[in-house]
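Hydrogens, waters and symmetry mates play no part in the numbers below; they use all other heavy atoms, side chains included. This structure is a prediction, so every number in the text was calculated from the model and none was measured. Letters A, B, ... are given to chains in the order of the sequence lines, protein chains preceding strands, and every chain is numbered from 1.
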Amino acid sequence: MSTAEDRKRKKPQEKEPQTNSPKRHKSEPASEIDPSKNPYLAHRYPAEESKDDWGPLAGFKRHNTTAKMANIAEDGPFNPFSGNQFSDRYFNILKGRRGLPIPAQRDEFLKMFQKSQIMVLVGETGSGKTTQIPQYVLFDDLPHLNGYKQVACTQPRRVAAMSVAKRVADEMDVELGQEVGYSIRFEDKTSSSTILKYMTDGMLLREAMHDHLLERYSCIILDEAHERTLATDILMGLLKNVAERRPDLKIIIMSATLDAQKFQHYFNDAPLLAVPGRTHPVEIYYTPEPERDYLEAAIRTVLQIHATEPEGDILLFLTGEEEIDDACRKINAEVDMLIREADVGPMKSYALYGTLPPQQQQRIFEPAPPPFKPGGPPGRKVVVSTNIAETSLTIDGIVYVVDPGFSKQKVYNPRIRVESLLVSPISKASAQQRAGRAGRTRPGKCFRLYTESAFKKELIDQTYPEILRSNLANTVLELKKLGIDDLVHFDFMDPPAPETMMRALEELNYLACLDDEGNLTTLGKLAAEFPLDPALAVMLITSPEFFCSNEILSLTALLSVPQLFVRPLNNRQRADEMKKLFAHEDGDHLTMLNVYHAFKGEENQPAWCREHFLSYRALQNADNVRTQLQRIMERLEIQLVSTDFSEKSYYENIRKALVSGFFMQVAMKNGKAYTTVKDNQDVLIHPSTVLEKESQWLVYNEFVLTTKSFIRTVTHIRPEWLLDIAPGYYDAKDFPKGPVRTELEKTMDRVRKRNALKRR
DNA sequence: GAGCACTGC
């Protein structure tokens with residue numbers, strides 16, 4: 001990745017071999033003209049040399065331009081950023097862009113942008129803010145004439161960063177990856193010519209860890225700030241801080257209309273610009289009485305719409321995979337009955353949730369079935385979806401939305417240190433977003449399965465930001481790495497609960513990533529380099545001590561992707577049998593490793609995965625993650641070693657390495673069930689385990705709270721290892737009197753006696 | 001003997 005300095009150094013070198021023609025003019029005949037005199041290439045030379053007396057940007061003074069000037073430059077004929085002649089396609093797209101509502105406010109935007117360091121911009125979907133505002137910034141901020149700086153625009157999701165970058169590259173008539181590019185995990189599509197970069201907010205955060213002042217940017221645009229992802233919240237705190245130390249940095253916070261004042265207030269009363277959206281009105285209907293069974297009510301409502309409303313597709317929001325599959329089955333059965341009894345058209349139902357393979361997700365875009373007879377009652381499709389359709393996926397043609405008012409949300413309980421998913425009422429903002437999905441192509445209707453008074457009085461305004469609902473161990477490590485020493489006084493927009501913060505600090509201290517004063521240790525600094533949870537990072541970094549870093553590298557990658565084993569509804573038994581083929585008697589971690597090794601030895605991987613009920617996507621993903629982690633290890637000079645497979649200690653070493661990261665996630669057998677050490681929670685082993693033999697002590701990867709408390713992905717370990725690998729954590733006298741303490745003391749005695757024998 | 005809202009590095 002190139003820093004601003006690199007870019008400065010690289011530029012002059014680049015022009016040498018191309019004295020006669022600039023880089024992307026390959027088909028052009030060699031010109032007699034000295035390229036440094038070519039006004040259209042003026043931007044390729046450092047600002048101090050550039051006079052910009054001619055060319056499309058003639059007379060443009062940084063932060064002193066107008067919409068009129070920019071419009072003239074945009075009208076061509078030459079592209080002010082690439083020097084090329086504009087294509088016909090460019091002018092076609094330009095016509096469309098000028099038809100958006102936002103250009104009318106270009107001057108208003110420029111004035112505000114020029115006057116203030118930080119501004120807030122709110123606009124509904126369809127306003128074009130994500131594609132247009134960054135371009136407006138380019139024409140005024142002129143980052144390429146300002147020491148080759150860049151303009152960044154962050155997105156919460158990878159697909160958004162990619163697709164918007166592609167769109168804007170087309171709008172600006174440049175090749176994607178040149179003047180306009182994107183940067184997401186596993187893919188950096190930028191070059192030394194890039195002046196506008198779309199990126200995920202997590203990616204910008206990563207960059208900030210090595211460049212605390214974000215020096216390579218002259219302007220940072222945080223888009224979709226209302227979503228309040230963890231990364232967005234940390235970035236906002238960071239940017240507020242950086243803004244003071246870098247008066248030259250411009251910041252724009254973009255958000256949907258809600259909560260604008262909160263953003264303004266947080267950024268020292270930054271000015272606000274509101275741009276209108278382009279959506280159709282949506283009529284809202286409430287139920288007169290509260291519904292007792294929202295699933296039943298939802299299905300009933302869908303059928304009523306189908307029987308009585310004019311043409312248009314339906315979107316129903318439910319909470320999870322099982323519920324959605326169930327609802328689809330019931331809807332199909334009811335529609336069949338309805339068709340027999342009444343004069344209605346056909347209706348096709350589609351399930352939509354994140355873990356569905358992409359191919360199946362795509363099916364929701366199939367057109368609705370046609371009516372049975374021309375002019376008869378309309379055919380329709382109904383998409384039954386999780387929250388994924390609220391933000392990540394938009395489906396055109398939706399006219400009716402059915403909103404029961406619930407979604408699964410992550411909650412964190414710092415007292416028992418457990419993150420879990422809970423079906424909870426949605427917020428007003430969420431309800432509005434859902435309703436908006438009905439008005440994308442024409443006026444629509446939204447049926448809320450709750451009363452108007454419940455909406456007004458019971459729903460909270462905004463969903464709580466993620467930072468208030470998460471374990472913050474990773475976040476605290478990131479903040480420390482960002483150079484923020486005083487976490488207590490860090491200016492969060494919504495400060496997390498002190499107990500959550502304390503838990504995170506405590507966890508990092510146990511992992512030896514923070515010392516007793518709360519400072520980053522050498523191990524902590526290394527751990528922060530990895531895009532992993534602290535426990536995984538520590539396990540990986542210490543694995544060479546157990547002679548198995550190659551294997552732990554694979555395992556770490558496997559543990560950081562979801563859903564390795566596939567278990568289709570109609571083939572569970574077969575899937576379970578297949579899983580047994582890979583089972584290792586000591587537990588699930590080693591089983592996953594067996595899967596990975598078998599996968600790597602396979603030639604036709606997709607077919608092999610189908611046959612063995614494994615997710616090809618997950619394994620491929622794990623492989624990508626592994627490559628990324630391996631590069632980081634090589635950069636940090638962490639050794640990659642293996643124990644010879646024929647050695648008896650091959651698997652034992654891996655289990656010990658597991659303990660070095662997960663010693664806080666250990667459970668001990670207590671009668672029929674297990675008890676987690678330290679927290680004393682009664683837990684059961686998740687039924688998905690391959691472990692069959694009796695095991696007194698287990699290390700587990702996650703605690704899942706569903707119908708019962710489960711520990712999932714478990715491996716058998718020996719208590720001696722705990723004393724050996726984490727002596728500070730497993731000091732028996734720190735434990736309350738009880739079975740765990742008794743066992744630890746027994747183990748200590750055993751070790752002592754054995755050592756005494758050895759000494760004799 | 002059961003589940004996996006959604007993202008991101």
Side-chain angles (χ1 to χ4, degrees), chain A residues 154-161 183-188 199-210 224 227-235 317-326 352-356 385-393 406-411 419-424 426 430 433 463 465-466 469-470 474-475 477-478 481-482 527-534 536-537 557 560-569 572-573 575-576 615 618 621 624-625 628-629 631-632 684-692 702 704-713:
Chain A
T154 69
Q155 297 293 319
R157 283 168 291 277
R158 298 160 50 99
V159 273
S183 176
I184 59 178
R185 187 182 190 181
F186 306 129
E187 201 185 352
D188 180 8
M199 64 204 300
T200 47
D201 45 18
M203 200 69 199
L204 185 60
L205 205 55
R206 277 275 139 196
E207 286 186 7
M209 286 182 194
H210 293 109
E224 313 287 359
E227 288 194 24
R228 304 291 307 275
T229 65
L230 254 175
T232 303
D233 268 27
I234 301 170
L235 277 174
F317 285 101
L318 291 176
T319 65
E321 176 177 339
E322 213 177 271
E323 198 177 78
I324 287 170
D325 288 338
D326 189 34
L352 176 64
Y353 38 84
T355 49
L356 220 54
S385 170
T386 61
N387 255 358
I388 194 169
E390 201 180 294
T391 48
S392 309
L393 263 167
F406 292 96
S407 72
K408 271 191 197 174
Q409 288 164 32
K410 185 170 75 179
V411 287
E419 276 182 354
S420 49
L421 285 171
L422 218 64
V423 174
S424 323
I426 60 170
S430 216
Q433 177 77 18
T463 310
E466 205 183 352
R469 298 183 285 123
S470 311
N474 205 9
T475 302
L477 189 67
E478 279 169 3
K481 181 77 180 174
L482 286 165
E529 293 286 329
F530 289 93
L532 293 170
D533 278 340
L536 283 170
S560 48
V561 300
Q563 293 254 126
L564 190 56
F565 297 98
V566 182
R567 216 164 162 256
L569 214 61
R572 291 182 169 180
Q573 211 184 339
D576 291 347
S615 162
N621 209 334
N624 279 337
V625 175
Q628 187 192 23
L629 298 177
R631 289 214 187 100
I632 300 173
L684 295 170
I685 302 180
H686 197 274
S688 61
T689 189
V690 298
L691 198 73
E692 283 177 347
E702 55 180 344
V704 282
L705 189 63
T706 50
T707 48
K708 291 175 189 142
S709 298
F710 292 106
I711 48 174
R712 189 160 53 189
T713 313

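- Atom P of nucleotide dC9(B) and atom CE of Met199(A) are separated by 10 Å, given to the nearest angstrom.
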- Task: Could you run through nucleotides 2-7 of chain B and give me one letter per nucleotide, 5' to 3': B if any protein heavy atom sits under 4.0 Å from the base, S if only the sugar-phosphate is that close, - if neither?
- Result: BBBBSS
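- For the pair Arg228(A) CZ and dG8(B) P, the computed distance is 19 Å after rounding to whole Å.
- Residue Gln155(A) contributes atom CD, which lies 16 Å from atom C1' of dC9(B) at whole-angstrom precision.
- Listed by chain and residue number, nothing satisfies the salt bridge (charged side-chain N to carboxylate O under 4.0 Å, His left out) test with Glu323(A) (two or more places apart in sequence, or in another chain).
- With sequence neighbours excluded, the residues satisfying salt bridge (charged side-chain N to carboxylate O under 4.0 Å, His left out) with Glu702(A) are Arg712(A).
- Partners of Arg567(A) by side-chain contact (heavy atoms from CB on, under 4.5 Å), not counting sequence neighbours, listed by chain and number: Arg572(A), Ala575(A), Asp576(A).
- Here the P atom of nucleotide dC9(B) and the CZ atom of Arg631(A) are 15 Å apart, to the nearest Å.
- Look at CD on Glu207(A): it is 17 Å from P on dG8(B), rounded to the nearest Å.
- Thr229(A) comes within 4.0 angstrom of no nucleic acid atom, judged by non-hydrogen atoms across all strands.
- Remark: Thr232(A) pairs with Asp201(A), Thr229(A) by the side-chain hydrogen bond (donor to acceptor under 3.5 Å, both in side chains) rule, at least two apart or across chains.
- With rounding to whole Å, Asn624(A) atom CG is found 12 Å from dC9(B) atom P.
- In this structure, Leu230(A) reaches neither bases nor backbone, as no heavy-atom distance under 4.0 Å exists between it and the strands shown.
- As a whole-Å value, the separation of Gln628(A) CD from dC9(B) P is 9 Å.
- Ala618(A) and Ser615(A) make their closest contact through N-OG, 3.0 Å (heavy atoms, listed as atom of the first residue, atom of the second, distance).
- Arg157(A) meets the salt bridge (charged side-chain N to carboxylate O under 4.0 Å, His left out) test with Glu227(A); sequence neighbours excluded.
- Note: CG (Asp201(A)) to P (dG8(B)) measures 9 Å, nearest angstrom.
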